[in-house]
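Shown below is the structure under consideration.
Whatever order the structure lists ligands and atoms in, that order sets their numbers, starting from 1. None of the values given here were measured: they were computed from a predicted structure. Sequential numbering from 1 along the given sequence is applied to the chain's residues.
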Amino acid sequence: MSKTFKSKVFLANQEIHEEWERYYLNPRLESFYEGAFAHIVATIGAKKGDAILDAGCGYCFHAARFVRHGLEVTGVDFSPAALSAAKANLGKLGLSMKLQEGNLLALPFEDEAFPFVSCWGVLMHIPEVEAALGELVRVLKPNGRISIMENSDNSLHVRFWEPLLIGIKKLTGRRTPRRDIRSQGLEEWREEGLLIRKTNIDWLVSFMEGKGMRLVDHATGQFSEIYTTVPSSLAKNVVYSFNNWWFKRRGSPRLALGQILVFEKNTGLGSSAV
Ligand SMILES: C[S@@+](CC[C@H](N)C(=O)[O-])C[C@H]1O[C@@H](n2cnc3c(N)ncnc32)[C@H](O)[C@@H]1O
């Protein structure tokens with residue numbers, strides 16, 4: 001079975017989505033998420049009633065934030081398990097949006113179908129990231145804006161915390177995942193077949209520029225995700241608070257793990273580039 005296919009099969013089932021829900025849907029992270037999505041809506045310049053595509057929408061917990069901002073959201077994901085959980089979640093929240101099954105490598109939408117696109121934490125799992133980016137650009141209208149959240153391979157988290165964790169694992173005789181350094185970033189494959197890429201942000205920006213996209217905003221996301229590996233709830237709470245503080249004071253995105261990038265297609269005069 002090819003790695004790409006194995007990854008698709010793995011993402012199609014429910015367990016991995018439930019694992020993400022456990023790690024990332026913590027009430028202590030809500031304040032960061034609310035701030036981050038308010039920042040995205042303001043930076044892309046979406047107004048009530050505007051259409052937005054949430055590419056790789058998963059359980060739609062974040063897509064729901066766009067709905068609450070008054071946007072007309074279409075969510076697309078290739079995992080039927082994620083989409084049926086998304087439907088149930090939206091029902092519980094009393095929110096409605098369009099949901100469609102589809103692959104980011106061949107999006108089921110016409111060219112220039114959306115004025116806004118968001119892709120939060122998805123490209124990091126796609127081996128053929130160039131093809132997925134090409135599709136996101138294809139479905140975006142001229143002068144439309146796209147927001148991408150990816151983790152950085154140059155963050156303090158990746159440069160210092162991860163080597164420490166790997167060292168501890170090696171010392172205690174535990175397996176460590178294979179890591180490949182590629183121009184797209186640092187790629188790690190979980191045994192089940194899931195790719196986790198820490199992106200080379202300079203590569204991403206220059207790839208997008210090659211597609212006629214201009215970077216108009218670069219903001220910090222979460223400073224670190226150490227809370228997924230430390231067992232103590234006190235330590236987790238310290239990380240949640242620090243992440244929130246870093247985001248609110250607009251700390252440097254270059255040091256942080258999470259990166260929120262906004263690009264504009266065929267920008268005209270008057271747009272301010274970063
Ligand atoms: C980490 S989850 C993020 C979900 C959502 N964006 C969020 O932040 O809650 C990644 C999502 O991307 C979806 N995904 C990964 N590769 C995809 C592809 N090639 N086409 C469509 N969806 C994909 C997965 O099924 C999963 O729901």
Side-chain donor-acceptor pair present, Asn151, His157, cut-off under 3.5 Å: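 No pair is found: no donor N or O on one side chain lies under 3.5 Å from an acceptor on the other.
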All side chain to side chain donor-acceptor pair (under 3.5 Å) counterparts of Glu34, not counting sequence neighbours: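 Side chain to side chain donor-acceptor pair (under 3.5 Å) list for Glu34, sorted by chain: Arg65.
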All side chain to side chain donor-acceptor pair (under 3.5 Å) counterparts of Thr220, not counting sequence neighbours: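 For Thr220 the side chain to side chain donor-acceptor pair (under 3.5 Å) partners, ignoring immediate neighbours, are Trp246.
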Within the protein, residues bringing a heavy atom under 4.0 Å of ligand 1, chain by chain: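 Residue list for ligand 1: Leu11, His17, Trp20, Gly56, Cys57, Gly58, His62, Asp77, Phe78, Ser79, Gly102, Asn103, Leu104, Trp120, Gly121, Val122, His125, Ile126.
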Evaluation steps, salt bridge (charged side-chain N to carboxylate O under 4.0 Å, His left out), between Arg254 and Asp202: CA-CA 10 Å; Arg254 289 283 164 190; Asp202 292 335; 3.3 Å; yes
Counterpart residues, side chain to side chain contact (heavy atoms under 4.5 Å, CB included), relative to Leu234 (two or more places apart):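 In terms of side chain to side chain contact (heavy atoms under 4.5 Å, CB included), with neighbours along the sequence ignored, Leu234 is linked to Ser232.
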Ring-ring centroid check His69 Phe37, cutoff 6.0 Å: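 Ring-ring flag for His69/Phe37: false, centres at least 6.0 Å apart.
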